[in-house]
S.K.: 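Please see the structure below; I have some questions.
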Amino acid sequence: MKWMKTVCAVVFSFSLWQSAAIAAPQQAHVSSTTLKAVFYSESLQKEMNVNVYLPPNYDAQDKYPVLYVLHSYKLNEDHWFKALNITKKADELITSGKIEPMIIVAPKIDNSFGVNSADHTGYVDGSGKPGDEGVLNAGKYEDYITKDVISYVDSHFNTIKSRNSRYIGGTSMGGFAALHIALRHPNLYSKVGGHSPALFVGKMWDVLEKMIYPTSTVRQENDPLALAASQKLNKLNIYLDCGDQDDFKEGTKKLSDILQAQKTKSFEFHTTPGGKHDDAYWSSQVENYLLFYGGFDRE
């Protein structure tokens with residue numbers, strides 16, 4: 001009886017995996033597909049959630065570029081897909097021929113800011129109790145994003161495994177993480193977007209500061225402002241934006257000033273009158289974001 005349960009479990013697991021990761025008949029992929037998956041992260045030593053968008057007519061093309069989008073603080077992998085409706089806008093722009101068909105991946109990054117902050121995964125003392133919405137998560141989150149997530153996506157979907165076709169962006173905390181990661185790893189990504197990135201230029205929460213900037217040396221390695229001034233960025237396309245009512249506009253403007261003086265493949269900075277640090281602002285800008293990442297006129 002025990003072996004029968006095991007066989008049933010394997011068949012059931014395989015059927016779920018097959019429906020998510022193997023191309024279904026042509027009829028099933030005429031429209032876009034959104035998948036929810038769970039995979040084991042070696043870097044974090046735990047299972048992590050990831051949402052994946054496959055473009056319309058997915059089976060018609062062998063391989064696709066991939067856009068990775070990172071969520072804000074206190075949120076999760078559903079942020080870009082549900083609150084910001086990036087999948088709906090991607091459908092519109094792909095169908096109208098304004099952007100290239102692409103896979104969009106939204107991984108859960110916890111409240112980590114996307115940095116390698118500890119050798120072992122856990123919670124930051126003083127930031128709250130496990131399970132609290134705002135408790136900070138420590139661990140090898142940079143390795144998780146740059147190694148585990150990419151490896152999972154490249155091994156399960158029809159991706160172009162090249163930096164030229166790999167993009168990353170994020171909002172708020174996710175914007176900090178995307179910039180931090182792409183500026184440190186320009187060999188992995190060709191485009192990066194910081195959408196109202198949480199950049200700190202003055203006093204900040206001391207618990208967070210100890211996590212992401214424990215020493216002045218580590219700050220030079222983690223802070224997008226420091227990285228923008230020190231890294232070689234001539235092969236990187238960079239997009240920055242925020243509303244003029246954004247709490248982090250000072251940091252974003254400072255990063256813009258640094259990047260203006262640097263040699264990049266391309267750089268653009270946009271401010272929107274009345275824009276705040278919220279979903280309403282980011283939702284209004286999603287089309288512009290997608291045109292940056294996948295627009296044919298941006299090549």
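No hydrogens, no waters, no symmetry mates; every other heavy atom, side chains included, goes into these values.
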S.K.: For residues 246-265, which residue pairs pass the side chain to side chain donor-acceptor pair (under 3.5 Å) check, not counting sequence neighbours?
M.R.: Ser196-Asp246, Asp246-His277, Lys253-Asp257

S.K.: Side chains of Lys63 and Asn158: donor-acceptor distance under 3.5 Å anywhere?
M.R.: no

S.K.: Using the side-chain hydrogen bond (donor to acceptor under 3.5 Å, both in side chains) rule, pick out the option among Asn111, Asp148, Thr121, Asp110 that qualifies with Tyr141.
M.R.: Asp110

S.K.: Kindly indicate, with the supporting measurements, whether the criterion side-chain contact (heavy atoms from CB on, under 4.5 Å) is fulfilled by Leu291 and Ile99.
M.R.: CA-CA 6 Å; Leu291 288 171; Ile99 65 171; 3.9 Å; yes

S.K.: Specify whether Tyr289 and His195 have parallel, tilted or perpendicular ring planes, treating 30° as the upper limit for parallel and 60° as the lower limit for perpendicular.
M.R.: parallel

S.K.: Counting distance only, does the side-chain N/O of Asp143 pair as donor-acceptor with the main-chain N or O of Asn116 below 3.5 Å?
M.R.: no

S.K.: When you group the ILVMFWY residues by side-chain heavy-atom contacts below 4.5 Å and let the links chain together, are Phe113 and Leu75 in the same group?
M.R.: no

S.K.: So is Lys191 actually on top of Tyr293's ring, under 6.0 Å and inside 45° of the axis?
M.R.: no

S.K.: Quick check: does any side chain N or O of His71 sit under 3.5 Å from a backbone N or O of Ile109, one acting as donor and the other as acceptor?
M.R.: yes

S.K.: Does Tyr281 offer a backbone N or O that forms a donor-acceptor pair with the side chain of Ser284 under 3.5 Å?
M.R.: yes

S.K.: For a quick test of reading the model, state the closest non-hydrogen atom pair linking Glu142 to His180 and the distance between them.
M.R.: OE1-NE2, 2.9 Å

S.K.: Would you check if the side chain of Tyr64 reaches a backbone N or O of Tyr58 as a donor-acceptor pair within less than 3.5 Å?
M.R.: yes

S.K.: Same cluster or not: Tyr73 versus Val207, using hydrophobic residues (I, L, V, M, F, W, Y) connected whenever any side-chain heavy atoms lie under 4.5 Å apart?
M.R.: yes

S.K.: Any donor and acceptor pair, going by atom type alone, linking the side chain of Arg184 with main-chain N or O of Asn222 inside 3.5 Å?
M.R.: no

S.K.: Once side-chain contact (heavy atoms from CB on, under 4.5 Å) is applied, do any residues pair with Thr34, and if so which ones, sequence neighbours excluded?
M.R.: Tyr53, Phe81, Thr87

S.K.: So if you build clusters from Ile, Leu, Val, Met, Phe, Trp, Tyr with side-chain heavy-atom gaps below 4.5 Å, do Tyr144 and Tyr40 land together?
M.R.: no

S.K.: Quick one: CG on Leu188 to OH on Tyr167, what's the gap to the nearest 0.5 Å?
M.R.: 14.5 Å

S.K.: Testing the basics here: between Ala178 and Gly193, what is the closest heavy-atom pair and its distance to 0.1 Å?
M.R.: CB-O, 4.0 Å

S.K.: Hey, is the main chain of Leu183 close enough, under 3.5 Å, to the side chain of Gln231 for a donor-acceptor pair?
M.R.: yes

S.K.: Whether the side chain of Asp154 engages the backbone of Lys161 through a donor-acceptor N/O pair (distance < 3.5 Å, no angle test) should be reported.
M.R.: no

S.K.: At what distance, to the nearest 0.5 angstrom, does CD1 of Ile86 lie from OG of Ser283?
M.R.: 10.5 Å

S.K.: Does the side chain of His270 reach to within under 4.5 Å of the side chain of Gln285, using non-hydrogen atoms?
M.R.: no

S.K.: What closest approach, in Å, do Pro197 and Leu179 show between heavy atoms, and which atom pair accounts for it?
M.R.: CB-CD1, 3.7 Å

S.K.: So Leu84 and His79, do their side chains get closer than 4.5 Å, heavy atoms only?
M.R.: yes

S.K.: Verify the cluster assignment for Ile168 and Leu227: are they in a single hydrophobic cluster under the rule of side-chain heavy atoms below 4.5 Å apart?
M.R.: yes

